[in-house]
Amino acid sequence: MTDEKNYRYDDELTGSRNAPHYEPGMPMKDRIRLVHRLNYSKEEVIKHTANKAVAEMVEHMDRAGISNTFDRFLQQHPQCGYGLTGACCAFCSYGPCRVTEKAPLSVCGKDVDLIVAGNALRRLASGMAAHGAHAREVFIALKAAGEGTAPIPVRCPEKALAVARTLGFDIEEKSVEQLCVEIADRFIDDLQRSLPKRHDTIFSLAQKERSSLWEKLGVIPISAYHECFEVNNLTSHGTDSDFESHMQAFMRAVVAYAMTTVVSTSLATDIVYGLPQRSKLNVNLGSIQQEGCINIGINGHAPMVAFAICDIVGTPKIMEKVKAAGAGDIKLYGMCCTGGEFVERDLGIPLVAMASSAEMAVATGAFEAIVVDQQDVLPGMMPVARRFHTKVITTSPSGRKEGAIVLELDYYLKNLDKIYELAEQILDIAIDNYRNRDVQKVHIPDIRAKVELGFSVEEVARLFDGSMPEKKIHGLARLLREGKLRGVVNFGSCGNVRGAVFERNQVIIARQLIKNDVLVTAHGCSGMGLLFAGLAHPDASKLCGPGLREVVESLDIPPALHVGACTDSTRASQIMAYTANAAGQANPAMPFAMVAADPAAEKTMGARFAFVMNGIETYSCVQDNTLASDRFIDYVSNRMRCMVGAALNWNPDPYRTAEDILRMLDAKRSALGWPVRDYLIGTREEIEDRIPDTVEIGKSFCKNN
């Protein structure tokens with residue numbers, strides 16, 4: 001965590017902040033100074049963001065007098081330094097209390113370490129509840145599909161059979177539908193129970209080395225629901241005041257998050273909605289059709305209504321209504337993680353925005369409707385939509401927006417059997433609204449990127465000589481052992497507007513890594529940043545080092561393999577685990593890493609530490625609100641490495657972060673006796689100023705098929 005290393009290249013933008021480097025024992029005023037100095041102005045975002053479509057829309061919204069996330073961020077300055085560093089506790093009405101050198105204890109007697117740990121725990125629990133709500137919906141969809149109580153098809157029966165075998169079910173003389181019900185019941189039980197029992201999902205789906213280690217450490221959870229319950233109990237007024245106990249609860253909640261609200265969710269989603277399928281399309285705002293097309297954005301995480309809309313949007317009945325409205329076509333566009341689910345499944349639905357840039361998509365004025373459910377749908381979307389004809393329609397009782405049209409699955413899911421009728425009502429609103437579009441207000445940046453998608457674990461195994469029954473990917477292990485590939489690094493998490501220039505850090509790090517023969521996987525909003533930067537297309541091979549270039553060109557694949565939405569980190573972790581299995585090594589020994597460059601949402605707390613708990617070193621450029629506690633930072637950055645074989649690393653400089661990762665990968669390779677060669681660090685001119693031609697800027701419109 002200190003600045004003892006010599007780096008080959010320093011980021012000019014980060015360096016221009018003159019922020020102090022973190023050191024244990026530094027005064028609180030310097031910690032606050034550090035986090036304040038790492039913020040960037042709107043002008044710097046426009047100049048330096050890797051996403052030029054977002055830069056254009058920020059300027060367009062300025063001219064139109066429309067506020068966005070970057071404006072509101074500036075209006076918050078200066079943000080509270082005690083909140084930014086985690087030194088503020090507002091759990092009870094004694095407070096809020098902030099602790100300083102002069103006042104080292106809260107009213108109730110907590111020190112800064114306990115306050116920071118408690119804040120982190122509650123953020124983790126909130127993120128687990130969010131992913132848990134998503135998980136619950138998918139599990140209910142799986143059960144309804146199996147029971148036939150809702151018109152939801154099972155699109156991948158082969159995955160149901162594979163998951164049932166992994167869970168140890170007797171599959172003889174059972175239908176796929178029966179197995180779907182059994183799988184759903186297992187996942188639901190591990191999600192919600194309060195009565196302690198063996199956590200079957202963990203011991204069936206996790207690597208045996210990991211589950212045995214977690215059991216030894218005493219961090220096997222009871223259920224996701226219970227761990228959320230217990231985190232809030234443990235941190236409640238006058239309950240647990242032991243730092244070590246807080247951190248054990250933290251690890252226990254991370255394991256519940258990882259296995260119950262992520263791994264199980266991803267598997268169930270594949271069963272119901274199908275495996276990823278290889279496809280090519282365009283992404284980013286320039287993919288929006290400007291004329292003669294009814295445009296509908298789908299934003300959120302919960303898949304039931306979103307996929308129902310997708311199923312019927314091109315049917316003759318709907319197309320007849322489209323023609324009657326005077327349009328030639330109707331098209332869906334993905335935003336945030338629903339968009340990530342769509343683009344992986346060859347549905348012809350472009351991805352146009354991540355959570356923090358969805359307002360920019362609405363501000364194009366080209367959408368008849370934005371259909372939203374829950375999580376990462378920022379409330380700032382509503383005032384933007386009101387400046388246009390765009391209707392916002394909410395489909396989840398957990399994710400309503402004031403002023404939006406409510407057409408949702410009932411809180412008790414009583415109308416699940418009417419899901420396609422609900423989908424048609426939503427489409428009818430969008431079709432009817434087409435006549436209200438003001439073409440004078442439409443502004444679509446002529447910027448898009450070419451991508452190739454659909455990289456399931458099964459597809460990666462096929463490409464790299466893998467065996468799904470054996471859970472081994474022999475080809476990747478061989479390429480790593482031989483030195484053609486230096487390592488495998490996954491990118492996930494958010495795109496933050498604080499502490500970073502939007503979408504810049506992850507693109508810099510990814511480009512440095514592929515330049516040095518590192519194969520990249522990507523998911524979630526951070527993964528979308530790599531899509532928009534043109535790194536997920538085979539033509540990006542020209543940006544790769546010689547070893548990776550040979551691999552991707554021989555297989556005609558991108559150097560950044562997009563694996564889906566946020567919960568599809570499961571695919572990335574499985575690719576790593578199966579490669580480690582083939583190499584005969586545990587995860588911590590392998591040249592693997594996870595990058596969550598700019599974490600923002602509460603879910604990213606669990607997302608990053610899930611990889612840590614799986615023995616994968618994890619890196620961020622934006623600091624959590626934990627900088628006030630040296631003890632907490634030491635725990636997650638050093639002590640966890642001794643316990644689980646990996647830790648969280650933080651460096652605000654993306655160039656230094658990339659070099660830290662390359663050093664770590666080489667150290668792992670050296671310990672394994674695998675060949676190590678020197679790495680090359682690209683300069684700003686090479687990494688940032690040269691935009692790959694997979695990003696089309698100002699070219700003629702290229703329609704998605």
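Scope of the values below: all heavy atoms of this structure, side chains included, with no hydrogens, waters or symmetry mates.
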With rounding to the nearest 0.5 Å, note down the distance linking [atom1] in [X] to [atom2] in [Y].
X      : Y      : atom1 : atom2 : result
Asp666 : Asn516 : CG    : CG    : 8.5 Å
Glu344 : Leu351 : CD    : CG    : 10.0 Å
Arg8   : Thr683 : CZ    : OG1   : 14.0 Å
Met613 : Ser573 : CE    : OG    : 14.0 Å
Asn505 : His48  : CG    : NE2   : 12.0 Å
Thr260 : Arg136 : OG1   : CZ    : 15.5 Å

Please name the pair of heavy atoms, one in [X] and one in [Y], separated by the smallest distance, quoted to 0.1 Å.
X      : Y      : value
Leu34  : Leu627 : CD2-CD2, 3.6 Å
Gly499 : Asn39  : N-OD1, 3.1 Å
Cys621 : Asp598 : CB-OD1, 4.2 Å
Pro221 : Ile202 : CD-CD1, 3.4 Å
Thr604 : Arg608 : O-NE, 2.8 Å
Val622 : Pro599 : O-CG, 3.7 Å

With the threshold set at 4.0 Å, does a side-chain nitrogen-carboxylate oxygen contact exist between [X] and [Y]?
X      : Y      : value
Arg641 : Glu617 : yes
Arg639 : Asp634 : no
Arg504 : Glu44  : no
Arg17  : Asp11  : no
Arg33  : Asp30  : yes
Arg345 : Asp270 : yes
Glu244 : Arg631 : yes

So, does [X] use its side chain to make a donor-acceptor pair with the main chain of [Y] at under 3.5 Å?
X      : Y      : value
Thr618 : Ile616 : yes
Gln248 : Leu217 : yes
Asn587 : Asn614 : yes

Kindly indicate whether the side chain of [X], heavy atoms from C-beta on, has any atom under 4.5 Å from the side chain of [Y].
X      : Y      : result
Arg571 : Pro276 : yes
Asp10  : Tyr655 : no
Asn649 : Ile661 : no
Leu662 : Leu513 : yes
Met251 : Phe609 : no
Asn490 : Ile575 : no

- Task: Could you walk me through whether Asn651 and Thr657 pass side chain to side chain donor-acceptor pair (under 3.5 Å), step by step?
- Result: CA-CA 6 Å; Asn651 193 322; Thr657 297; 4.6 Å; no

- Please report the C-alpha distance between Phe70 and Phe502 in whole Å, then the side-chain angles of each, then the deciding distance to 0.1 Å, and finally whether the ring pair (Phe, Tyr, Trp, His ring centres under 6.0 Å) criterion is met. CA-CA 10 Å; Phe70 301 102; Phe502 189 64; 5.8 Å; yes

- Please work out whether the ring planes of His131 and His134 are parallel, tilted or perpendicular, with thresholds of 30° and 60°.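 It falls in the tilted class, 30° to 60°.
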
- Looking only at side chains, do Tyr679 and Gln512 share a donor and an acceptor under 3.5 Å apart? no

- Message: For Tyr9 and Asp653, which I'm curious about, is there any donor-acceptor pair between the side chains at under 3.5 Å?
- Response: no

- Only one of Thr579, Asn581, Val488 clears side chain to side chain contact (heavy atoms under 4.5 Å, CB included) with Ile473; which? Thr579

- Positive for side chain to side chain contact (heavy atoms under 4.5 Å, CB included) with Thr338, one of Asp373, Asn299, Val372, Val343: Asp373

- Item | Intermediate values then yes/no, side chain to side chain donor-acceptor pair (under 3.5 Å), Arg31 and Thr85 | CA-CA 7 Å; Arg31 298 172 197 254; Thr85 59; over 6 Å; no

- Message: Does Arg210, at its CZ atom, have more than 12 non-hydrogen atoms belonging to other residues, nucleotides or ligands within less than 6.0 Å?
- Response: yes

- Message: Are Tyr635 and Phe250 an aromatic pair, judged by ring center distance below 6.0 Å?
- Response: no

- Charged tip of Arg663 within 45° of Tyr7 ring normal and under 6.0 Å: yes

- Message: Let's go through Gln623 and Ser620 carefully: what are the C-alpha distance in whole Å and the side-chain angles of both, what is the deciding distance for side chain to side chain donor-acceptor pair (under 3.5 Å) to 0.1 Å, and is it a yes or a no?
- Response: CA-CA 7 Å; Gln623 219 278 330; Ser620 292; over 6 Å; no

